[in-house]
Amino acid sequence: MSLPDIDTAALVALERRYRPCDLETLTGRSRSKWHKTLTQIQTSVRRARSNDGIAAVHAIANLFETLVLETNVENLPEDVEGGYERRAISQSKQILQSLLRVCEHDELDIDDPLTEIEQAFEGVRVPAPKQYHANRIRIIGLEDTLMADCSALYVLGATEENLPGHQSRPRYFQQIADAAGVLPADRHQELARYRFGTIVSNADSVHITTPEETMDGEQILPSALVEELARTATVTRTDGLADERRGSCEDVQRAIAGSTPDELEDLLEGPPATDSFTPAQIESCHTGAECASNRANPGPSVHDGRLPSNKLDEMSDRLTKQPYSPSRLNTYAQCGFKYYLRNGFELEEPDDESADAGRFAIGDVVHDALERFYTELTAETTGGVDLTAYDETDLHQRLYAAGEQAVTDSDESFRSPFDRQQLAALFAGLVPPEDNQFFLGTDEGDDASTGLFVEFLRREQGDGDWQPQFFEQWFDGEAGPIQTPDGTELPISGLIDRIDLDTDTPAAARVLDYKTYNADTNDAIKGVDFQLLTYTFGAQRFLESELGDPPQRVEAGYRIVKPPTTVTHKQSLPKTIESNLEIPTEQFFRTVAPRRLTEITEAIETGTFSPAIVGEETAKCQYCAFSDVCDVRHHQRFEAIEAIDEQELPVYVPDGTRSGDLTDHLEVTADE
Ligand code: SF4
């Protein structure tokens, strides 16, 4: 507020500096032009203490004038409504008028006018200004409840401690005192109870929360006022937030979560929804409910990667491009969704962040070195390569030279200590240390007897009648699409690491695929790996065109060449079929293999790209770059397979990932 001729800010500063400070001190220390007003205030205050009631009332009225209260209220800032202050001044004037009449009455002998005036003002409440609170939330304390009304009242945390607040006397003593009638009731408690009752009775609806325990798990007692309310009014108890009335976006989402599209239809068609949501939001809710409903259902739907035909067309031929490679078929067999993202959108999967070149780069060196080594030897002969015809030192030097060139041609620098250790382990023992640029001195990998290439040659020399003849050989349709024994032609191409011929049994051929990790031939008979299967058919077709006579028997298998020193030969596919399945190998190739190849290519071409139904381990979800965007539900995989079978959906389900015995799922009869 402002006072005539007085800088109120300077006055307040002065008062602070000379605490405790009375009006006389202020007058003595203030600027001279303030004196008139301060003296008027001082005079009014002195006269208010007079024993003459009339003079005291007039003095207070004069004080109002000196303080120019009405002008100050008129000059309140624009954003302050001022109604409350105006009502306060008006009410005070009326009280002073009525006091004046009392003081003028001769029969009333007033000893202490100031005390009378004080009591006249005490307890008078100025009605709170009418304010516009529609659609607003007011946060008020118990002190402000008397004049408040609201349509919905939320009393949060009505605990014994917080409502009615701190007790001035322990409840136990108060109860004893009440019973004995020795101590007056706790006024604070009574007042709080009154205020709580006032606000509750002024609200259209009341929601009271009473937490049961603290964050530390300590029990909390509900307020006695709530218990009293429960005795005297109808209180509906709810447990937990799930039953509470709420109003945020998240609340709406929770409320509609799990509704079927039909239920949602009813919820969203009525006026409450159409008043609250835009058409776009309602559409979005419908779409979301349909998606949630489909995802909850184990059977494949448009929300499980089943593309409508027009969407498949929009992807051009990125998903269905022919010929298929075995690795594309493998990806699809393990996870259709991964195939969809990898091929349909050509999304790049980030490489492992590592200072090392990694096992793939080392694997490339191994593949390249072996190809160079055998290609050079093949150029010196007209048939297969007979390693026993060569001097061992010569073979070692040739393989060293081939490997050295492979490292030179690689895009990787192999500078990290791990890479150098890996290369040392590959080349150890091939040539004397002084000629071996990968030699690391005393490192373990330099032991001459444990080098991977030395081990490889040792294993190759023990291969008996098999002679390597074709290397890095494509079967890519030049000789026609590959053909299964039942005559099915398939648009599949691939690159075979090596084909050996048996010099003793000319009609037998062996396909070798080098692996620098532990590949499992069982995956081929389970139906999640198509490499050995397609290599078998591809080699037959290739050898038929190359030799003019198809081999009677083709065995495909993995040769594990794994750094630092592991060289093993896995059981071939035909032998694995023989030892694991209860059907003849020939029958597997004639009926099971064509069916699987037909099913998987048809599934791709009908646009089914479900997340993995083969289980987390087989799909290798742990290493999948797309796991963040994938909503796979492994726990429902058997239900999903059941739904696929029941609805005869065009989805490829690897036989070996069904429950039960693999042979039972091969769909072959005794006649076949
Ligand atoms: S996380 Fe598993 S199911 Fe999902 S895309 Fe990757 S491999 Fe497929």
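This structure is a prediction, so every number in the text was calculated from the model and none was measured.
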Can you tell me how far apart [atom1] ([X]) and [atom2] ([Y]) are? Round to the nearest 0.5 Å.
{"X": "C630", "Y": "L341", "atom1": "SG", "atom2": "CG", "result": "8.5 Å"}
{"X": "K36", "Y": "I41", "atom1": "NZ", "atom2": "CD1", "result": "12.5 Å"}
{"X": "Q647", "Y": "E642", "atom1": "CD", "atom2": "CD", "result": "11.0 Å"}
{"X": "I140", "Y": "C150", "atom1": "CD1", "atom2": "SG", "result": "6.5 Å"}
{"X": "F609", "Y": "C335", "atom1": "CZ", "atom2": "SG", "result": "11.5 Å"}
{"X": "R101", "Y": "L96", "atom1": "CZ", "atom2": "CG", "result": "11.5 Å"}

Between [X] and [Y] (side chain of the first, backbone of the second, donor and acceptor by atom type, cut-off under 3.5 Å), is there such a pair?
{"X": "R633", "Y": "R295", "value": "yes"}
{"X": "T608", "Y": "P650", "value": "yes"}
{"X": "S90", "Y": "R86", "value": "no"}
{"X": "S44", "Y": "Q40", "value": "yes"}
{"X": "Q334", "Y": "A612", "value": "no"}
{"X": "N51", "Y": "P113", "value": "no"}
{"X": "T606", "Y": "A603", "value": "yes"}

message = Check R637 with E616, please: is the shortest side-chain N to carboxylate O separation under 4.0 Å?
response =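 Salt bridge: no.
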- Is the shortest distance from a Lys or Arg side-chain nitrogen in R658 or D645 to a carboxylate oxygen in the other one below 4.0 Å?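 Looking at D645 together with R658, the answer is yes, because their closest N to O distance falls below 4.0 Å.
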Under 3.5 Å side-chain donor-acceptor pair for R306 and S301 |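 Note: R306 and S301 side chains miss the donor-acceptor criterion.
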Requested in this report: Applying side-chain contact (heavy atoms from CB on, under 4.5 Å), run through I613 and I644 and close with a yes or a no.
Outcome: CA-CA 11 Å; I613 51 173; I644 289 163; 4.0 Å; yes
Closest contact, heavy atoms only, [X] versus [Y]:
{"X": "T209", "Y": "G157", "value": "OG1-N, 2.8 Å"}
{"X": "N294", "Y": "V302", "value": "ND2-CG2, 4.1 Å"}
{"X": "Y652", "Y": "A333", "value": "CE2-CB, 3.8 Å"}
{"X": "P611", "Y": "D304", "value": "CD-O, 3.6 Å"}
{"X": "L67", "Y": "N72", "value": "O-ND2, 3.0 Å"}
{"X": "A203", "Y": "V206", "value": "CB-CG2, 4.0 Å"}

Worksheet entry | Atom CZ of R318: over 12 foreign heavy atoms under 6.0 Å |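 Yes.
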Checklist entry - Taking atom CD of E314 as the centre, does the number of heavy atoms from other residues, nucleotides or ligands within less than 6.0 Å exceed 12? => result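 For E314, atom CD is crowded (more than 12 foreign heavy atoms under 6.0 Å).
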For side-chain contact (heavy atoms from CB on, under 4.5 Å), just list the numbers for V102 and V57, CA-CA rounded to whole Å, side-chain angles, deciding distance to a tenth of an Å, and then say yes or no.
-> CA-CA 11 Å; V102 170; V57 172; over 6 Å; no
Would you call [X] and [Y] a side-chain contact if the rule is heavy atoms closer than 4.5 Å?
{"X": "R342", "Y": "Y339", "value": "no"}
{"X": "I208", "Y": "L229", "value": "yes"}
{"X": "T320", "Y": "M315", "value": "no"}
{"X": "T159", "Y": "L163", "value": "no"}
{"X": "S610", "Y": "F337", "value": "no"}
{"X": "C624", "Y": "K338", "value": "yes"}
{"X": "T66", "Y": "T43", "value": "no"}
{"X": "I95", "Y": "F121", "value": "yes"}

Distance flag, aromatic centroids of Y340 and Y332, threshold under 6.0 Å: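 Y332 vs Y340: aromatic centres not under 6.0 Å.
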Q.
The test is side-chain contact (heavy atoms from CB on, under 4.5 Å); show your working for H207 and S205 and say whether it passes.
A. CA-CA 7 Å; H207 300 249; S205 68; 4.1 Å; yes
Partner residues of [X] under the salt bridge (Lys or Arg N to Asp or Glu O under 4.0 Å) criterion, sequence neighbours left out:
{"X": "E228", "result": "R193"}
{"X": "E212", "result": "R237"}
{"X": "E290", "result": "none"}

- [ ] Decide yes or no on side-chain contact (heavy atoms from CB on, under 4.5 Å) for D112 and E116, but give the supporting numbers first.
- [x] CA-CA 6 Å; D112 186 354; E116 293 294 334; 5.7 Å; no
